[in-house]
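Heavy-atom basis, side chains included; hydrogens, waters and symmetry copies ignored. Bear in mind the structure is a predicted one, so any value in this text is a computation, not a measurement.
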Amino acid sequence: MQTLSEWFTREVFRWRTGAAITWTVIMLFPLTTMYLLLATFHPSHPFQWITDFLFAVISLPILMSLAFLSLICVLFHVISSRTFTVVPDIPLTRLAALLQLCKAQCLTYGTVCAVTGGIIAWTCTCMLGGRYANLSFKCDESSDAYCLNEYHLFLVFYGIYTGLFYFTRHYLQQHNYMEFPALQQAKIFQVRSQIVPVLCSTLGYVLWQIKFFYILYYLFGHIPRNWISKNSSLRLSTEYSLDTVYGLLDVVLLWQTFCCGVFIQYPWSLGATLFKIYNTEHFEFPITSMFDSFKNKCLVDALSEKPRSLLQYLGFHDLCHLSKHSFERRKELFSLSQPGGHPHNWNKVLSVCLSVISELNDKVQEVNWLVLSSGPVRQPSGEKLHPSFSRDGQTSNLHMRSFHQLTPITTIGDENGKVIGQSHQKQQAVTFKTKLISNLKKRSIIAYFLGELPEARSRKIFIGAQIQVWAVEALSSLTAASYQEDSYGVVQMSLPKIITAMLSLQENIDKHLKAAGGQGRKGQKDQITASNLALRYLLQNTLKSSIYRIIDSFGKCIIDLRLSADVEKKIKSFMDYRE
Amino acid sequence: MSAGHIFQNFPCVPDDHKVTAYEHHGDLITVDEDMGQNTSRYSNYPDVFITKEAARALTEHENAKSAFLPHDETVWKRAIHAWYDMGLSGTLEEIVNSSEEVPPWTCQTAKRLLTFVRFANSLHGSLFPHLSLSNEDMITKFSNMTNWKTSPLRAFAWHPHTTKFAYAVCDDSIHVHMQGNELTPTLKHKLQKNVADLAWQPHYASVLAVACQSCILIWHVEPTSLATRPSSSSVQVLQQSNHCPVTCLAWDVNGRILLSSSPVDTAMMAWDVAMETCIQLRRVGGGGVSLLKWSPDGSKVLAATPSNIFRIWETSHWSCEKWSKCTGRCKAACWSPSGDVLLFTTEHEPIIYYLTFRGMADESKPLIGGSQAAVACLDLSEITVKTDSGDDVRAGGSIQDMIWDPTGERLAVLFKENRSGTNRYIAVFRTKIYPVLDITPCGFVKGFEGETPQHIAFQPKFDRGALLTVIWSSGRLSYIPMNFIPNDMVEYHKFQEHFGPINALLSPRLYSGSGNTDVIYS
């Protein structure tokens, strides 16, 4: 029998991706027309421009290039579809970010981007014709000698360069990150609302990167040019050379480069947007299935899929959706098994949800402990702050100071003299090493690459927190709904567990935000960091409102549950609306 | 007027020297004015009186301003101020007005641009007249507050779960009052201008969304904090270009999504507040969104536009149905507790219409299921009625706002300001939704001599019936408790009585059943 993920890839993922790619290709036709219209723009002869354009659009070469472009587009997006992820990698340092690009999968994709960019730019030169059309031209009418067409070369190089830039942005700016929208609109409206923003960001981005290409070409343009001319026995033109200031001041060339850049990037970005919209669409998993072949393709199986996979995300998304909007499916979830009368459906879902919650809870707790414990231990050697602390800036300094008084932990070794001696030697070695590292880190360039990125650790913990957000939200909605709908009382049995899990995660996150919170929400200038970090605030908010929702729906009955004293105290403060 | 006018079946209008204090046994009880001060106090609820002077004395906006002050700002600085206040046309006007301070060519260009802008605006404005209003006039027009511009109070909101409310006064500061806490935090922020609406986040202790001129502010007011002036670090600013002034806010019942609307933007924004991102929900037609009402069960949202169109969205897949051919803009609306009946009124007609909605048959396909056409159910046009002492007074007229209490048993209607002064009275009705919508008179609510109501609200969570709060033009906030047992509770107890011993918990506190059934327990 097929596993769920195989089935999903074949029956859902491929169809969705296919649909997204089809739409991208369909969009390519008007986009190419627009490109031709703008790229052949002649301010001095508007009529000629329009007529030329109309003739060009219906001509065979252009139609051929369109077909070719569509093919390239399909291939490119098929390859891209493997690069998207629901949980982006968070590099701790800039060096790690660069190394991340050198993984085999990334390198392949980078090559694909560069090559495709080059090919599209080459197709553009063919469509434009005129001085861009061929790699070579006759040096002068009389002679047979051929010269290298540098305009052509310039555009093709620019295509490759744009492809490479797109690739870096795809990974470093998390353009491969599939974020689920907070509310589910029809796809057409999602696409419609994205078309203009994506265009604007592409325009801005192309303008930004084009200047670097000019600088690069000015400095190093002669190397590939000379190489090509040497190997293909094409002469260099004597009339012009593009790697001079004068040569690069060509406004028409700049316009062509700009149009070409937008024409390469915009369909790609749009395709990526479409891919994300299609693949983050709500998918309904069955809660139970009568068919044997579907027995392993139910909601619970999706929930317990490989962590951080699209399938698991869709599963939790569906769970969250059903908990809010679907009476029928909730009823199925609360139902008892026949025969036997056990609430299997609910128990399975509950255990998966609780396990993802406690998994994050443990992680956060561990980090909190690390933050709290590493302060006083390092105190005696009188060295600088531990590197992992520097990110906290002043806040952590304050913490350190407050730990000065908390020395009992450091004196544990005193009972055993040997331990002190050994640890002293060790400590000296460690001190030397850390001194060396910290000295290295002071050099600005090395520090730039090796210095820890702000809040990187916190980002790393919470980057997959969307799952927990959905789990918490679903549990609380289901619990709230169970007050009216759960006729067998299956949910109430697990109420103390749910409340305890939520409260403990909430407490740990609060602690984490206070202790290692750094500058908080406003301090972040980098948009990606800010949006990654926002996930932890989202989780914090969701937890609070979920606890409130449970308490609101059960009212005073909550106190009758057998809860531990701590939890009860906490619950009381929630009941007074004082949290 | 016609003999069947609903106000002729009403109990008499209170006399001039009487004040409505509470509802008892289905009647609205009035007391003498000298006793009436007690209506501002109710058990240990906060006692609030908004003094105009205190609010006025603070900063006014510097508009129509510099005329009386010798200003030494440069023209460019003034132009920038004008840009913030009135946008492009304001800047151009400022430059043209001070032509001797700028180079002649700038002045000429500005003049031409201004002509063009005005021409373009007039084209656009002829389609949607509200677009040519100034920010303040626009808010006045679309706010549910009577006379927003001159009122001492600008917005008011009850907390959905506890006894806590917030109100904005005309110097744009917001005050938060809580039961059993003398401390009243005052919220101020430099972006907090022209506050048009407030909304507390449901399922949250103390998160308040504020609709301002240029953005939405989300205040996190720590309930346990002792600070009277929370710092601006506890504020989130949500901004979106072309989405101002924000005049209406609505949280979903789970507190996850905040909808905001502006009469100039055809999209309403669905904010994910924690992530600070928004999703646009745009439909062409209507010229903007002037009113948002989320149904209490969370399944539907009403979005009215400044023209004769309104839409109902369903919230699982966010598709919408459109109602057009109204006689005017939808001015006020309210949902029944279960979200299957919508009452609404249009701007110029004193008639309340209702729409019913079917439940979903198949959940995989989202359905709004609204009835084909709205049915007029109440005509509140102006007529002459008798007071207790037999004098004739006028009552009724166009409707400013109407609210339905959370149990769906009382409906309060606030009238628009008019010449005959009928907006002195708030009309209260008893309502019954099942099996068919039934609206019967309950009475008029009146304040002190010379006071007119500015804003009405029911407390969302009140366990002895309904609590109506009225803010009067004098700045007085009065509580009018309406003690009754909701109908479903009565049904439930009848059932219990029939099938078993009645739960003794409720009986001592029963005053009356819903007025329609006239069941009186002792």
Chain B contact via A:Gln190 - which portion, at a heavy-atom distance below 4.5 Å: neither
Flag the one option from B:Thr162, B:Thr224, B:Ile257, B:Asn254 with the top tally of heavy-atom pairs under 4.5 Å to chain A. B:Asn254
Less than 4.5 Å apart, any side-chain heavy atom of A:His512 and any of A:Gln540? no
Proximity breakdown for A:Glu179 and chain B, heavy-atom pairs closer than 4.5 Å: side chain
Against chain A, work out which of B:Pro223, B:Pro202, B:Ser206 has the most heavy-atom pairs shorter than 4.5 Å and name it. B:Pro223
Answer yes when A:Glu11 and A:Lys297 have at least one side-chain N-carboxylate O distance shorter than 4.0 Å, and no when they do not. no
Looking at CD of B:Glu314 and OG of B:Ser316, how far apart are the two atoms once the value is rounded to the nearest 0.5 Å? 4.0 Å
Counting only heavy atoms closer than 4.5 Å, note whether A:Ala182 contacts chain B via side chain, backbone, both or neither. both
Can we say A:Lys187 and A:Glu281 salt-bridge, meaning some charged N sits less than 4.0 Å from an Asp/Glu carboxylate O? yes
Using non-hydrogen atoms only, which part of A:Gln184 is less than 4.5 Å away from chain B: side chain, backbone, both, or neither? both
Which bit of A:Leu535 is near chain B, if near means a heavy-atom gap under 4.5 Å: side chain, backbone, both or neither? both
Taking NZ, NE, NH1 and NH2 as the nitrogens, is one of them in B:Lys300 or B:Asp340 under 4.0 Å from a carboxylate oxygen of the other? no
Assert top hit (heavy-atom pairs under 4.5 Å, partner chain B, pool A:Gln185, A:Arg549, A:Arg578, A:Lys544) equals A:Arg549
Looking just at side-chain N and O atoms, do B:Thr277 and B:Trp271 make a donor-acceptor pair shorter than 3.5 Å? no
